[in-house]
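Report on the structure given below.
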There are 2 protein chains.
Amino acid sequence: MIYVKIRVSKFSALETIGKTRSSFANSHMAKLLKVQQPVTLIAQLRSHCSTCNLRELCMPVDLSSEDMQRINALTQLKRGYSRGDYLYRSGDAFHSLYAIRSGSFKTQVLHEDGREQVTGFQMTGEIIGMDAISTDVHACDAIAMESGEVCALPFNQLEAMSRELPSLQRHLYKIMSREIVRDQGIMLLLGSMRAEERLAAFLLNFSQRLAARGFSPTQFQLRMSRQEIGSYLGLKLETVSRAFSHFQNEGIISVKVRSIELLDLAKLQAGLKCQN
Amino acid sequence: MIYVKIRVSKFSALETIGKTRSSFANSHMAKLLKVQQPVTLIAQLRSHCSTCNLRELCMPVDLSSEDMQRINALTQLKRGYSRGDYLYRSGDAFHSLYAIRSGSFKTQVLHEDGREQVTGFQMTGEIIGMDAISTDVHACDAIAMESGEVCALPFNQLEAMSRELPSLQRHLYKIMSREIVRDQGIMLLLGSMRAEERLAAFLLNFSQRLAARGFSPTQFQLRMSRQEIGSYLGLKLETVSRAFSHFQNEGIISVKVRSIELLDLAKLQAGLKCQN
DNA sequence: GAGCTGGTTTGATATATGTCAAAATACGCG
DNA sequence: CGCGTATTTTGACATATATCAAACCAGCTC
């Protein structure tokens with residue numbers, strides 16, 4: 001049953017989101033291409049990163065405007081996607097890292113027998129695809145949870161540029177290291193926390209990341225199902241649902257299916273320390 | 001109780017293994033320093049990496065001998081350590097990555113409440129410390145499981161050199177990516193495997209890594225306790241012990257406390273796919 | 001609005017793993 | 001070698017989470 005939905009086609013990452021890209025082309029891109037002069041077009045495309053309000057999150061901040069131009073040049077490959085699109089699949093050849101401009105993704109690894117493990121939920125400003133650098137083949141799937149846009153950053157160009165721009169090189173090392181630290185945190189969660197602690201940790205982490213992006217840290221909409229949360233936390237969906245209900249009964253959070261309000265952050269945090 | 005042994009002192013990584021280093025200085029290093037001419041000394045130290053029989057594992061292989069010399073220069077910081085030594089502790093300032101020349105380590109993250117999670121067992125030829133790059137502070141502890149030697153690779157020098165040596169830069173990206181993939185595998189294990197599957201996966205992984213180093217893949221000594229294995233696999237030590245006993249009763253492995261013999265690799269592997 | 005469909009909640013029960021305890025075995029030291 | 005300590009094994013029992021099942025609910029199509 002689970003098997004069926006996996007890898008129904010062998011499209012590469014590029015082809016997978018081709019549909020969406022062409023629909024995108026009909027709007028913004030097309031306007032640029034047809035209405036304006038080539039020179040203006042290039043200038044507009046190039047101004048991309050330097051005007052992107054997320055750039056602190058995905059790219060180094062201390063570049064000269066000249067160096068910034070060079071990075072801009074990399075990111076002409078902007079692509080739209082919609083819910084359910086694969087950005088890449090496990091086994092796909094590696095070309096690019098992806099900076100999420102808007103929207104959100106989940107990444108998952110598959111076991112031969114069909115079991116799947118969600119390894120992360122990524123949101124705006126985060127970079128994904130670094131798993132593929134080691135073997136030049138993607139080691140997991142990245143699937144859109146809602147529609148949005150990514151910048152494709154061709155890795156061989158990033159690599160070459162990072163030799164000349166020390167701060168870019170350092171930035172790449174840092175985001176990879178950050179990913180390693182993040183993964184260690186999840187191991188701690190999966191290896192030594194109980195169900196409700198896991199959910200509390202998940203909610204708090206989500207809340208922090210929203211706050212970092214200027215959204216309310218206490219009221220938000222989850223983009224993922226109970227099943228996906230369960231997979232991420234190493235629990236079954238029923239257990240996740242029960243934990244939500246329990247937190248609600250305790251007055252710690254308010255749950256309306258996927259609309260969450262955190263009412264008592266202190267108690268949520270406390271739940272992480274002593275397992276009542 | 002667990003608290004007591006943690007962070008009894010605030011020694012930096014350098015100081016932590018200071019004792020062992022000075023005892024080392026009394027032997028090999030001292031001989032070099034006192035008996036030989038400076039020029040010869042430097043030559044000997046510099047020949048380190050190029051003659052190290054592990055270099056495929058920790059450093060790129062396609063360097064010219066000239067470039068190799070430059071990497072050698074980095075690795076003068078060879079240090080001995082013995083069982084129980086901390087190579088670094090969570091919170092220590094970051095200076096170096098460490099290449100394990102001989103011996104083995106475990107890395108662990110600590111939760112405020114004292115719970116600890118072993119995040120990996122590292123052996124000869126592996127590089128550790130990459131968690132610290134993102135914040136310039138180590139995010140986990142690295143503790144020796146037996147005596148051996150490491151090369152300290154000062155990261156600011158590695159970073160600078162990697163700008164001039166593309167293959168070194170690429171290598172660093174790759175080993176960090178490899179770590180990310182490895183961690184994802186552990187998440188899969190912790191999030192969706194049952195106790196015996198986890199142990200089977202652990203044993204097979206251990207076996208493969210020994211084989212890659214020229215040791216017997218079917219007969220080996222574990223360097224870690226049941227408790228440490230349990231922490232790594234997200235299980236209690238009793239569960240680990242029972243799983244060992246069960247495998248032994250099935251004739252899949254032979255267990256004499258920490259001496260393990262894998263008798264039926266196929267069955268071990270099968271255990272990973274269908275949970276009997 | 002009726003009827004589907006897929007996701008969510010809740011309940012009853014099963015089971016894998018944890019907990020507690022004791023015996024067995026290995027290990028270090030005088 | 002024998003003693004004391006730490007680790008491992010094994011057993012009996014407890015419990016957190018999984019499983020199975022049904023009811024509920026939201027969103028979508030017709």
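Within every chain, numbering begins at 1; the chains are lettered A, B, ... in the order of the sequence lines, protein sequences first and strands thereafter. None of these values were measured; they are calculated from a predicted model.
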Those residues at least two apart in sequence (or on a different chain) that pass ring-ring contact (aromatic ring centres under 6.0 Å, His included) with B:Phe247 are none
Those residues at least two apart in sequence (or on a different chain) that pass ring-ring contact (aromatic ring centres under 6.0 Å, His included) with B:Phe244 are none
Angle separating the five-pair end axes of the helix from C:dG1-D:dC30 to C:dG30-D:dC1, nearest 10°, is 50°
**OP:** Verify the contact: side-chain N or O of B:Arg258 to OP1 or OP2 of D:dT8, cut-off strictly under 4.0 Å; return yes or no.
**Re:** yes
Could I get the full list of salt bridge (charged side-chain N to carboxylate O under 4.0 Å, His left out) partners for [X], not counting sequence neighbours?
{"X": "A:Glu146", "result": "A:Arg223"}
{"X": "B:Arg226", "result": "none"}
{"X": "B:Glu250", "result": "none"}

Salt bridge (charged side-chain N to carboxylate O under 4.0 Å, His left out) with A:Glu126: of A:Arg178, A:Arg101, A:Arg213, A:Arg182, only one passes, and it is A:Arg213
To the nearest angstrom, the NE2-C1' distance between B:His246 and D:dT8 comes to 18 Å
Taken to the nearest whole Å, CZ/B:Phe244 to P/D:dT8 is 9 Å
- Message: For a quick check of understanding: with a heavy-atom distance under 4.0 Å over all strands, which category does A:Ser245 fall into, base, sugar-phosphate or nothing?
- Response: sugar-phosphate
Report, one line per pair, each donor and acceptor closer than 3.5 Å where one atom sits in a side chain of residues 233-242 of chain B; sequence neighbours left out.
none

| Should the pair B:Phe220 and B:Phe206 be assigned to parallel (<30°), tilted (30 to 60°) or perpendicular (>60°) ring geometry? | tilted
- Message: Tell me whether the rings of B:Tyr88 and B:His138 are parallel (<30°), tilted (30 to 60°) or perpendicular (>60°).
- Response: parallel
Which pairs, protein N/O on one side and nucleotides 17-19 of chain D N/O on the other, fall under 3.5 Å?
residue : atom : partner  : partner atom : Å
D:dT17  : OP1  : A:Ala195 : N            : 2.7
D:dA18  : OP1  : A:Lys236 : N            : 3.4
D:dA18  : OP2  : A:Lys236 : N            : 3.2
D:dA18  : OP2  : A:Thr239 : OG1          : 2.3
D:dT19  : O4   : A:Arg242 : NH2          : 2.9

* Asked: Would you say the side-chain atoms of A:Ser231 and A:Gln117 include a donor-acceptor pair closer than 3.5 Å?
  -> no
Verify whether one side chain among B:Thr124 and B:Ser102 offers a donor that lies under 3.5 Å from an acceptor in the other.
no
Hits for side chain to side chain donor-acceptor pair (under 3.5 Å) against B:Thr218, two or more places apart or cross-chain, chain-then-number order -> B:Ser216
Contacts of B:Glu261 meeting side chain to side chain contact (heavy atoms under 4.5 Å, CB included) (sequence neighbours excluded), chain-then-number -> B:Gln219, B:Ser254, B:Leu263
DNA chain C: first to last nucleotide in contact with chain B (atom under 4.0 angstrom from a heavy atom), 5' to 3', is C:dT17 to C:dA26
Ordered by number, residues from residues 215-229 of chain B within less than 4.0 Å of DNA chain D (heavy atoms) are B:Ser225, B:Arg226
